[in-house]
Amino acid sequence: MTRVLVVDDEPHIRRALDINLSARGYEVDLAESGERALELAARHHPDVVVLDLGLPGIGGVEVIEGLRGWSVVPIIVLSVREAETDKVAALDAGADDYVTKPFGMDELLARLRAAVRRATPAREEEAVVETDDFSIDLAAKRVVRDGAEVRLTPTEWHIVEVLVRNRGKLLGRRELLREVWGPEYHDETSYLRVFMAHVRRKLEPEPSSPRYFLTEPGIGYRFEVPGSVEEIG
């Protein structure tokens, strides 16, 4: 059973999410504050977190940072804040998705299912992709750099996976958004900028001059291995 941690200081939001998620077979933990959220997350290890930003005490961004100190659990922000700066701050801290209030329950549930899918290990056997700086095991959802495993969030991993599986192919921004976040995503290009910056910081030897995760300005992104003669169209 998938366990969801709902963090919101508004009782009617907590109640609505509890009723709807429980009716669909999810196991639900409820927290009204950031402190309570971190306590429940450490105790129960949820499969996904739905988090409001405007919390009493520890704010939502601080909760994200606290969770990311030890966990890669998918985090969906649920907030009335619509400014791009708020969205980027949450994504930069480690959130995987951002839904603004008021929200449709069906949309939130679809995004929650997508977040859980992104975090589910692949079952099929796949080759390991080797570069001079890191190796990527697509089956194990694992990246190793300098002999140590690199911790990627589920969304960061999904971006890496899609680009690596399409090695050498230019993927448009909208195509990449649909592949990673879902078909309803078209214009959230700020998501890609933030998460590509995360991926490059973790994997590129020089993030400001990437060798592997390349940008085609105004078009999209591609994954290349310098010196490789293999072409995948």
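These values consider heavy atoms only, across backbone and side chains, with no hydrogens, waters or symmetry-generated copies.
Taking the six-membered ring where tryptophan is involved, the planes of Phe134 and Phe223 are tilted, since the angle between them lies from 30° to 60°.
For the pair Arg173/Ile219, no side-chain contact is recorded, criterion being any heavy-atom separation below 4.5 Å from C-beta on. Between Val180 and Thr155 there is a side-chain heavy-atom pair separated by less than 4.5 Å. At a threshold of 4.5 Å between non-hydrogen side-chain atoms, the residues Val7 and Arg14 do not count as touching. Side chains of Tyr221 and Phe213 form no contact here, defined as non-hydrogen atoms less than 4.5 Å apart. Using a 4.5 Å cut-off on side-chain heavy atoms (C-beta onward), Asp96 and Ile76 make no contact. Using a 4.5 Å heavy-atom threshold, the side chains of Asp132 and Arg211 count as touching. Contact check for Trp181 versus Leu192: side-chain heavy atoms found under the 4.5 Å cut-off.
Both Val77 and Ile58 belong to a single network of hydrophobic side chains, linked directly or stepwise wherever heavy atoms of I, L, V, M, F, W or Y lie under 4.5 Å apart. Residues Val144 and Leu163 do not share a hydrophobic cluster, defined by chaining ILVMFWY side chains whose heavy atoms lie under 4.5 Å apart. If you chain together hydrophobic residues whose side chains sit under 4.5 Å apart, Met1 and Val48 never meet in one group.
For the residue pair Arg200 / Thr215, a side-chain donor-acceptor distance below 3.5 Å is found, with atom types taken as modelled. Tyr26 and Asp47 share no donor-acceptor pair across their side chains, judged by distance under 3.5 Å alone.
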Derivation of the salt bridge (Lys or Arg N to Asp or Glu O under 4.0 Å) call for Lys141 and Glu161: CA-CA 8 Å; Lys141 293 183 179 287; Glu161 181 183 36; 3.8 Å; yes

task: Just do the side-chain contact (heavy atoms from CB on, under 4.5 Å) check on Thr2 and Arg113 with the steps written out, would you?
output: CA-CA 10 Å; Thr2 300; Arg113 289 192 297 270; over 6 Å; no

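When all heavy atoms of Asp133 and Pro205 are compared, the closest pair comes out as OD2-CG, 3.7 Å. When all heavy atoms of Lys202 and Arg151 are compared, the pair lying nearest together is NZ-O, 2.9 Å.
Using a cutoff of 4.0 Å between basic side-chain nitrogens and carboxylate oxygens, Glu216 and Arg222 are scored as salt-bridged. Electrostatic pairing of Glu65 and Arg68 does not count as a salt bridge here, judged by no charged N lying under 4.0 Å from a carboxylate O.
Aromatic ring centroids of Trp157 and Phe195 lie 6.0 Å or more apart.
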